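What follows is one structure encoded as structure tokens, with my remarks underneath.
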Amino acid sequence: MKLFYAPGVCSLSPHIVACEAGINLGLQKVNLKTHELENGDDFTRISPKGYVPALQLEGGEVLTEGPAIVQFLAEQKPDAQLAPPVGTLAHYRLLEWLNFLSAEVHKLFKPLFWHGTEEEQEGSRVRLIRWFDYIEGQLDKDYLMGDGFTVADAYLYVLSRWLKHQQFDMPRWPRLQAFQKRMEERPAVQRALQEESLEPV
């Protein structure tokens with residue numbers, strides 16, 4: 001399988017999950033401005049959406065959207081216990097987190113990274129503070145779902161990295177900072193960061 005990615009963006013989440021699961025992916029770097037691969041090929045011929053992540057399966061089909069990809073990867077290696085069994089309440093709690101992170105948190109970074117108006121950026125910052133205050137209150141345990149790592153933690157880790165990039169007041173969220181440190185102690189996270197030439201937070 002091949003993961004189409006750009007360093008440090010949301011495709012880092014399935015990259016981490018693949019490392020946690022012991023799944024070796026071929027990494028294909030995408031220039032998000034030109035939509036070109038490193039060899040000059042047009043990425044939109046692989047994924048017409050034009051953004052990452054995209055996972056090309058062994059049969060040639062392409063799966064997109066980070067929450068779908070991380071669940072797919074987790075189900076390839078159930079013994080890794082990266083997601084609760086389908087049909088359990090815990091499974092739906094995981095979906096709850098993935099949908100919240102995608103629909104409510106992730107989208108708020110767009111005006112900050114993609115030149116939103118001053119009003120849009122300020123609105124995003126206010127709402128991001130609100131949502132990370134909420135997440136801080138939920139991190140009374142090691143990970144979002146309890147003592148064990150799940151695919152939702154990979155997503156949260158990536159989003160939390162962006163806070164520092166956007167110069168948010170990180171000491172406001174001591175539990176989140178402790179979470180980031182725990183994540184970066186995981187060998188799979190270290191490997192994914194190294195493969196994308198990224199520094200820890």
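Because the structure is predicted, anything quoted here is derived from the model rather than measured. Numbering starts at 1 and runs along the sequence shown.
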| task | Please state whether the rings of Phe149 and Tyr143 are parallel, tilted or perpendicular, taking 30° and 60° as the class boundaries. | result | perpendicular

| message | Quick one, Gln190 and Glu184 - any side-chain contact, counting heavy atoms below 4.5 Å? | response | no

| field | Residue pair Gln180 / Gln177, side-chain heavy-atom distance below 4.5 Å | value | yes

| task | Calculate, to the nearest 0.5 Å, the distance between atoms CG and CD belonging to Leu101 and Glu96 respectively. | result | 10.5 Å

| field | Interatomic distance, Glu196 atom CD to Leu12 atom CG [nearest 0.5 angstrom] | value | 4.5 Å

| request: Please examine the side chains of Trp97 and Ile135, heavy atoms only from C-beta on, and report whether any two atoms are closer than 4.5 Å. | output: yes

| request: Kindly work out whether a path of hydrophobic side-chain contacts (I/L/V/M/F/W/Y, heavy atoms less than 4.5 Å apart) joins Leu139 to Leu128. | output: yes

| field | Side chains of Tyr5 and Glu195, donor plus acceptor under 3.5 Å | value | no

| task | Report yes if the side chains of Leu156 and Gln138 come closer than 4.5 Å at any heavy-atom pair, otherwise no. | result | no

| message | Is there a path of hydrophobic side-chain contacts, each under 4.5 Å between heavy atoms, that joins Leu198 and Met170? | response | yes

| query | Between His35 (side chain) and Phe43 (backbone), is there a donor-acceptor pair under 3.5 Å? | reply | no

| Heavy-atom distance under 4.5 Å between the side chains of Pro7 and Ser197, does that happen here? | no

| task | Using atom types as modelled and distance alone, determine if a side-chain donor or acceptor of Thr117 lies under 3.5 Å from a backbone N or O of Glu120. | result | yes

Side-chain donor-acceptor distances from residues 68-76 under 3.5 Å, at least two apart:
residue, atom, partner, partner atom, Å
Gln71, NE2, Pro67, O, 2.9
Gln76, NE2, Phe72, O, 2.9

| What do the steps show when you test Glu122 against Val126 for side chain to side chain contact (heavy atoms under 4.5 Å, CB included), and what is the final call? | CA-CA 6 Å; Glu122 181 58 28; Val126 169; 3.6 Å; yes

Output side-chain donor-acceptor pairs under 3.5 Å for residues 105-115, partner residues at least two apart or in another chain, one line each.
residue, atom, partner, partner atom, Å
His106, ND1, Tyr155, OH, 2.7
Lys107, NZ, Ala103, O, 3.3

| query | Are Leu94 and Phe100 joined in one hydrophobic group, where the rule is that I, L, V, M, F, W and Y side chains link up if heavy atoms are under 4.5 Å apart? | reply | yes

| message | Does the structure place the NZ or CZ of Arg172 under 6.0 Å from the centre of the six-membered ring of Phe132, at an angle of no more than 45° from the ring's axis? | response | no

| Any sub-3.5 Å donor-acceptor pair from Ser160's side-chain atoms to Tyr157's backbone N or O? | yes

| remark: When every non-hydrogen atom of Ala192 is compared with those of His15, the smallest separation belongs to O-CE1, 3.7 Å

| message | Tell me whether Gln166 at atom CD has more than 12 heavy atoms from other residues, nucleotides or ligands lying less than 6.0 Å away. | response | yes

| field | Distance, nearest 0.5 Å, that separates OG of Ser13 from CG of Leu159 | value | 8.0 Å

| Minimal non-hydrogen separation, Asn24 against Arg191, with atom names | OD1-NH2, 3.2 Å

| task | Specify the closest pair of heavy atoms between Asn39 and Asp41, including all atoms of both residues, with the distance to one decimal. | result | OD1-N, 2.9 Å

| task | For Asp142, enumerate each residue passing the side chain to side chain contact (heavy atoms under 4.5 Å, CB included) test, keeping only those at least two apart in sequence or located in another chain. | result | Arg182

| note | Here the pair of heavy atoms bringing Gly137 nearest to Arg175 is O-NH1, 3.5 Å

| Do other residues, nucleotides or ligands put more than 12 heavy atoms under 6.0 Å from the CZ atom of Arg93? | no

| message | One pair to check against side chain to side chain contact (heavy atoms under 4.5 Å, CB included): Val86 and Thr88. What are the steps and the verdict? | response | CA-CA 6 Å; Val86 175; Thr88 63; over 6 Å; no

| field | side chain to side chain contact (heavy atoms under 4.5 Å, CB included) evaluation trace for Glu65 with Tyr51 | value | CA-CA 9 Å; Glu65 305 303 330; Tyr51 58 77; 2.5 Å; yes

| What is the distance from atom CZ of Arg161 to atom SG of Cys10, rounded to the nearest 0.5 Å? | 13.0 Å

| Co-membership, hydrophobic cluster, residues Val9 and Val201, 4.5 Å side-chain | no

| said: Quick check on Lys164: does its NZ atom have over 12 non-hydrogen neighbours (other residues, nucleotides or ligands) under 6.0 Å away? | reply: no

| Under 6.0 Å from the NE2 atom of His91, do we count more than 12 heavy atoms belonging to anything else shown? | yes

| Exercise: identify the closest heavy-atom pair between Val17 and Ala154 | CG2-CB, 3.8 Å

| query | Are Leu3 and Leu63 connected in the hydrophobic side-chain network, where two residues link if heavy atoms are under 4.5 Å apart? | reply | yes

| field | Within-4.5 Å side-chain heavy-atom neighbours: Lys2 and Phe4 | value | yes

| message | Would you say that Met1 contacts Gln56 through its side chain, given a criterion of any heavy-atom pair below 4.5 Å between the two side chains? | response | no

| field | Gap between atom CG of Asp153 and atom OG1 of Thr150 - 0.5 Å precision | value | 4.0 Å

| With a 4.5 Å limit on heavy-atom distance, are the side chains of Leu163 and Leu176 in contact? | yes

| task | Could you give me the CA-CA distance, side-chain angles and deciding distance for Leu37 and Ile46, then say whether side chain to side chain contact (heavy atoms under 4.5 Å, CB included) is met? | result | CA-CA 10 Å; Leu37 303 179; Ile46 296 164; 3.9 Å; yes

| Do you know the tightest heavy-atom contact between Ile129 and Phe168? | CG1-CE2, 3.9 Å

| field | Heavy atoms of other groups near Glu185 CD, more than 12 under 6.0 Å | value | yes

| Between the side chains of Arg130 and Tyr134, is a donor N or O closer than 3.5 angstrom to an acceptor N or O? | no

